[in-house]
Amino acid sequence: MTRAWFVRLMLVCLACLGISGGPAWAGGQATVGLGPEGKDPAMGNGGNACSVTSSERTTGADFVYRIVQFDGPVEEQWKKSLAGLTEVFDYVPQFAFMVRVPVSNIRDLCDMPHVRWVGLIGADMKLGSLGVAAGSPDSARPIRVTLFPGESPDPVAAQVEAMGGRVQAVTPSSWGTSLSVFLPADKAAGLAEYPAVRRVERIPEHKTN
C-alpha cells in the first residue's frame with residue numbers, strides 16, 4: 001500500500017465518521033437563539049455591528065449593547081479577553097454573550113480572535129417564552145421588565161404609562177432593576193426595543209379555585 005493511497009483512505013474514513021477540522025456545529029452553522037426562534041446571523045441574517053448606529057449616536061452614550069458570538073465552544077481565555085473589553089452579561093446559545101461595550105472598544109471587540117459575529121441585540125432576543133405579545137389588543141396582563149445593571153427605570157416606566165399601562169413595583173437588584181407592570185398584551189413586546197431592557201416576560205398568574 002502506497003503512502004498516498006493510505007492517506008486518501010484515512011481521509012475517507014474520517015469523513016464517514018463525521019470528524020473534521022471545521023466548526024463543531026452541523027453544517028458549519030451556529031444559531032443564536034434567545035427568542036422564540038434561533039437564527040444564524042453569520043449566514044445572511046445580519047452583518048457585524050462594528051460601529052455605532054445612527055440611533056445610538058443620537059443618545060451620545062459612552063457605551064452600547066451587543067451580542068458577541070465565538071466560532072466554537074467558549075474557552076476560558078476567550079471569556080477573559082471578552083471581559084477585558086466589555087461587561088459580560090447573559091450567555092446565549094450557541095457560543096454567544098450579551099455585552100455592554102464602550103464605544104471606543106467596539107472595533108477591538110470585532111477584531112478579537114475567535115469572534116465569529118458581533119451584532120445588535122434584537123428585541124426578539126429579549127422576549128421570554130411566555131407569549132407576552134399574545135392575547136387580544138385590550139387584554140392587560142402582569143409583565144416583568146428587567147433592565148441591564150445601572151440603567152434607570154424612569155424612561156421605561158414613562159413608556160409603560162404612555163402605552164396605557166401602570167407600574168406596580170420597581171425592584172432594584174445587582175442583576176438589574178426590574179419593573180412589575182400591568183400592560184396591554186399586544187404592547188408589552190415593544191418594551192424590548194429599548195436598549196436598556198434586558199428581558200421582557202410575562203409574570204405567571206396563580207389562580208385560586
Side-chain angles (χ1 to χ4, degrees), residues 32-36 39 41-42 45-70 79 81-92 96-112 115-128 132-133 143-202:
V32 171
L34 190 61
K39 58 184 178 181
N45 293 319
N48 280 328
C50 295
S51 59
V52 178
T53 67
S54 57
S55 59
E56 291 170 337
R57 194 173 294 112
T58 59
T59 67
D62 294 328
F63 57 82
V64 292
Y65 293 95
R66 293 290 186 268
I67 187 164
V68 182
Q69 186 185 46
F70 289 99
K79 289 175 63 176
S81 297
L82 183 63
L85 292 174
T86 73
E87 292 179 74
V88 182
F89 299 120
D90 304 322
Y91 173 78
V92 184
F97 294 91
M98 285 185 176
V99 303
R100 178 161 57 200
V101 54
V103 171
S104 58
N105 287 354
I106 296 179
R107 187 68 259 175
D108 290 338
L109 176 63
C110 290
D111 291 339
M112 272 184 55
V115 166
R116 181 174 187 258
W117 176 76
V118 175
L120 302 176
I121 303 175
D124 59 327
M125 295 182 178
K126 301 178 181 181
L127 297 178
V132 297
I143 301 294
R144 180 184 296 108
V145 183
T146 305
L147 309 181
F148 285 103
E151 294 286 4
S152 170
D154 295 342
V156 176
Q159 184 60 28
V160 168
E161 294 179 357
M163 290 177 168
R166 67 177 185 273
V167 178
Q168 297 177 302
V170 177
T171 307
S173 167
S174 59
W175 196 80
T177 297
S178 65
L179 297 85
S180 297
V181 308
F182 203 67
L183 189 66
D186 63 326
K187 298 179 180 179
L191 295 175
E193 299 286 347
Y194 278 73
V197 170
R198 183 175 190 170
R199 192 78 167 154
V200 179
E201 54 196 343
R202 183 180 175 183

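Nothing fancy with the numbering, it's 1 onward along the sequence.
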Which heavy atom in [X] sits nearest to a heavy atom in [Y], and how many Å separate them?
{"X": "Ala192", "Y": "Ala123", "result": "CB-O, 3.6 Å"}
{"X": "Leu82", "Y": "Leu109", "result": "CD1-CD1, 3.5 Å"}
{"X": "Leu85", "Y": "Asn105", "result": "O-ND2, 3.1 Å"}
{"X": "Phe148", "Y": "Val197", "result": "CE1-O, 3.4 Å"}
{"X": "Arg100", "Y": "Glu151", "result": "NH1-OE2, 4.1 Å"}

From [X] atom [atom1] to [Y] atom [atom2], the distance as rounded to the nearest 0.5 Å:
{"X": "Met125", "Y": "Leu120", "atom1": "CE", "atom2": "CG", "answer": "9.5 Å"}
{"X": "Glu201", "Y": "Arg144", "atom1": "CD", "atom2": "CZ", "answer": "5.5 Å"}
{"X": "Leu183", "Y": "Arg202", "atom1": "CG", "atom2": "CZ", "answer": "12.5 Å"}
{"X": "Asn48", "Y": "Trp117", "atom1": "CG", "atom2": "CH2", "answer": "8.0 Å"}
{"X": "Leu179", "Y": "Leu191", "atom1": "CG", "atom2": "CG", "answer": "9.0 Å"}

Point to revise | For Arg198, the option from Leu147, Asp90, Thr177, Val145 that meets side chain to side chain contact (heavy atoms under 4.5 Å, CB included) | key: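 Output: one option passes, namely Asp90.
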Check your understanding: Does Arg66 use its side chain to pair, donor to acceptor, with the backbone of Ile106 at less than 3.5 Å?
Key ->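 No, the answer is negative, given that no donor and acceptor are paired below the 3.5 Å cut-off.
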Practice item. Verify, without hydrogens or angle tests, whether Lys126 (side chain) and Tyr194 (backbone) share a donor-acceptor contact under 3.5 angstrom. Key: yes
Check your understanding: Is there a side-chain contact between Phe63 and Val101 (heavy atoms, below 4.5 Å)?
Key ->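 No, side chains not in contact.
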Review point. Are there more than 12 heavy atoms of other residues, nucleotides or ligands under 6.0 Å from atom CG of Asp62?
Key: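 No, CG of Asp62 has 12 or fewer neighbouring heavy atoms, counting only those of other groups under 6.0 Å.
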Exercise for review: Among Thr53, Thr59, Thr58, find the residue that satisfies the side chain to side chain donor-acceptor pair (under 3.5 Å) test when tested with Ser55.
Suggested key: Thr53
Exercise for review: Mind telling me whether Phe89 and Tyr65 have parallel, tilted or perpendicular rings, with 30° and 60° as the class edges?
Suggested key: tilted
